[in-house]
Amino acid sequence: MQDFALPFSAECLKSITGLTNIRYQDMNAWSQSMIDGIANYVGDPAVEARCHAATAGIDTAIDDMLPGFSKHADKSLLCVMVASGMPMASVRANIKLAISGGQNEPRDAIAGTVWALLTHPEQLELVRSGKIRWLQAFEEYARWIAPIGMSPRRIAKPWTIRDVAFEANDRVFLMFGSANRDEKYFDNPDRFDVRRDASKSVAFGAGPHFCAGAWASRAMVADVALPTIFSRFKNLRVADGPAVRIGGWAFRGLLNLPLKWDDILPSRSQSSRQ
Ligand code: HEM
């Protein structure tokens, strides 16, 4: 998680946002500080201060990038939003939203899918042989252990669902993780099975707040991270030692992933240059 999934996720987020001027460590730390700030329901001043420091750091990084824009126009969020004439306050808010929403989930999905496949070797073989796509393995992992397990909402108007009455302004948690194990939609839902149809999964949410990074994540995880890890880490396996722990509600995933491998093989582009 620390050696690959975290830096990979943060480097991708640098390209996606356009903040290529920062270190991946800052991207990761700022994302976490904003997440903690958003969930600071008890109003801890230290948490709030770290969140403000993160947003100030992001604003400085945005300011640093702006002067070079006309020369380096690209398809990053920052470039596209600035070029569209969007007010700078909205540009800044959207960049911050992407950073708080785009770091932990791909990290957790990469580590989690690697672990799920290594502990279900017959399913790993199906993917390695090309019978099942890496994308399907990723989607099934995200159904099985949804990287966003739940999301809070405020009730807009009085409503009753299955005899439970809600008043306006009540706070509720939408449990994506529970929906993804609904027996009405998934047979044997507690089982990780790359062969199943995971299309009813709500791992990326649903409706107006559907994940803005869904397709970027599919490319990151299924087109790049998983094939790279499984082709370059020779004899990759789960190491003996402390058992894997899974935790978190809003952001849910593996808390540790001890792995071993025998060698790191050169990438295809490296070997063709030799
Ligand atoms: C495995 C990867 C990912 C998963 C499983 C995931 C999951 C989700 C979910 C469930 C939501 C809806 C939350 C809600 O309804 O309250 C969401 C929203 C969002 N996600 Fe992702 N996400 C992933 C990656 C990313 C990435 C890489 C980015 C940015 C580059 C991103 C940006 C966003 C944004 C901006 C929203 C808010 C959309 C809105 O409110 O309109 N996500 N994501």
Side-chain angles (χ1 to χ4, degrees), residues 1 5 9 31-32 34-36 38-42 97 100-120 123 132 135-218 220-222 226 243-257:
M1 294 194 67
S9 221
S31 175
Q32 194 58 52
M34 286 194 294
I35 290 166
D36 294 342
I38 292 163
N40 185 17
Y41 297 119
V42 292
L97 177 64
S100 43
Q103 170 64 15
N104 286 359
E105 306 91 318
R107 177 199 67 197
D108 294 347
I110 292 165
T113 312
V114 167
W115 174 69
L117 288 172
L118 288 175
T119 50
H120 297 80
Q123 299 193 37
I132 299 278
L135 180 61
Q136 177 63 19
F138 161 53
E139 301 272 4
E140 168 60 358
Y141 171 78
R143 178 204 68 81
W144 189 48
I145 302 180
I148 295 196
M150 70 89 180
S151 182
R153 288 289 193 278
R154 188 178 55 79
I155 298 288
K157 56 182 178 183
W159 198 261
T160 299
I161 183 164
R162 290 197 194 137
D163 299 333
V164 182
F166 295 102
E167 296 301 326
N169 293 322
D170 278 354
R171 280 172 179 264
V172 294
F173 289 158
L174 302 183
M175 306 297 296
F176 297 120
S178 174
N180 279 355
R181 294 195 183 202
D182 187 333
E183 302 80 358
K184 271 200 301 224
Y185 295 96
F186 305 102
D187 289 338
N188 209 350
D190 293 341
R191 192 180 137 73
F192 172 77
D193 186 350
V194 295
R195 286 156 294 213
R196 79 163 76 241
D197 173 7
S199 58
K200 291 279 190 287
S201 160
V202 288
F204 287 111
H209 293 286
F210 182 78
C211 176
W215 282 101
S217 310
R218 286 169 174 139
M220 288 162 59
V221 180
L226 296 175
V244 161
R245 287 170 298 123
I246 296 172
W249 280 109
F251 293 95
R252 186 160 181 80
L254 269 55
L255 303 176
N256 62 323
L257 178 55

query: When the aromatic ring centroids of F192 and W144 are compared, is their separation below 6.0 Å?
result: yes
- prompt: Is there side-chain contact between L255 and M1, with at least one heavy-atom pair below 4.5 Å?
  reply: no
task: Examine distances only and state if a side-chain atom of Q103 and a backbone atom of S31 form a donor-acceptor pair shorter than 3.5 Å.
output: no
message: With heavy-atom distances below 4.5 Å as the criterion, would you say the side chains of I155 and V172 are in contact?
response: yes
message: Show, in sequence, the C-alpha distance, side-chain angles and deciding distance for S151 and F176, and conclude whether the side-chain contact (heavy atoms from CB on, under 4.5 Å) test is met.
response: CA-CA 8 Å; S151 182; F176 297 120; 3.5 Å; yes
query: Is the closest basic N to carboxylate O distance between R154 and D170 below 4.0 Å?
result: no
- prompt: Under a 4.5 Å cut-off applied to non-hydrogen side-chain atoms, are L254 and R245 in contact?
  reply: no
query: Between P106 and M220, what is the shortest heavy-atom contact and its length?
result: CB-CE, 3.6 Å
- request: Could you pull out the closest heavy-atom pair between A179 and V202, with the gap in Å?
  value: CB-CG2, 3.8 Å
message: Looking at every non-hydrogen atom in both residues, tell me the closest pair between S9 and G102 and how far apart they are.
response: OG-O, 4.3 Å
- prompt: Got L226 and F138 here, is their nearest side-chain heavy-atom distance under 4.5 Å?
  reply: yes
query: Do the non-hydrogen side-chain atoms of F204 and S217 ever get within less than 4.5 Å of each other?
result: yes
task: Drop me the distance from D108's CG to F251's CZ, to the nearest 0.5 angstrom.
output: 8.5 Å
task: Answer yes or no: are there more than 12 heavy-atom neighbours, outside Y185 itself, under 6.0 Å from its atom OH?
output: no
Any donor-acceptor N/O pair, E167 side chain to P158 backbone, under 3.5 Å: no
field: Side chains of L117 and T113 in contact at under 4.5 Å (non-hydrogen atoms)
entry: yes
statement: Rounding to 0.5 Å, atoms CG (L174) and CD1 (I148) come to a distance of 11.5 Å
- prompt: Relative to F186, does R143 satisfy both conditions: NZ or CZ under 6.0 angstrom from the six-membered ring centre, and within 45 degrees of the ring's axis?
  reply: yes
- line: Correct closest heavy-atom pair for M34 and S100 would be CE-N, 3.9 Å
message: Just by distance, no angles: are the side chains of N104 and Q32 close enough, under 3.5 Å, to form a donor-acceptor pair?
response: yes
- request: Go through the steps for Y41 and R171 under the test side-chain contact (heavy atoms from CB on, under 4.5 Å), then give the verdict.
  value: CA-CA 12 Å; Y41 297 119; R171 280 172 179 264; 3.7 Å; yes
- prompt: Does the side chain of R252 come within less than 4.5 Å of I145's, by heavy atoms?
  reply: yes
message: Using a 3.5 Å distance criterion without hydrogens, assess whether the side chain of R181 forms a donor-acceptor pair with backbone atoms of R191.
response: no
message: salt bridge (charged side-chain N to carboxylate O under 4.0 Å, His left out) for R195 and E140? Distances and angles first, verdict last.
response: CA-CA 9 Å; R195 286 156 294 213; E140 168 60 358; over 6 Å; no
query: Closest approach of D193 and Q123, non-hydrogen atoms and distance?
result: CA-OE1, 3.4 Å
Residue N188 excluded, over 12 heavy atoms near CG under 6.0 Å: yes
query: Is any side-chain heavy atom of W249 closer than 4.5 Å to a side-chain heavy atom of M175?
result: yes
message: As a quick check of understanding, evaluate side-chain contact (heavy atoms from CB on, under 4.5 Å) for V164 and T160, giving each step before the final call.
response: CA-CA 5 Å; V164 182; T160 299; 5.9 Å; no
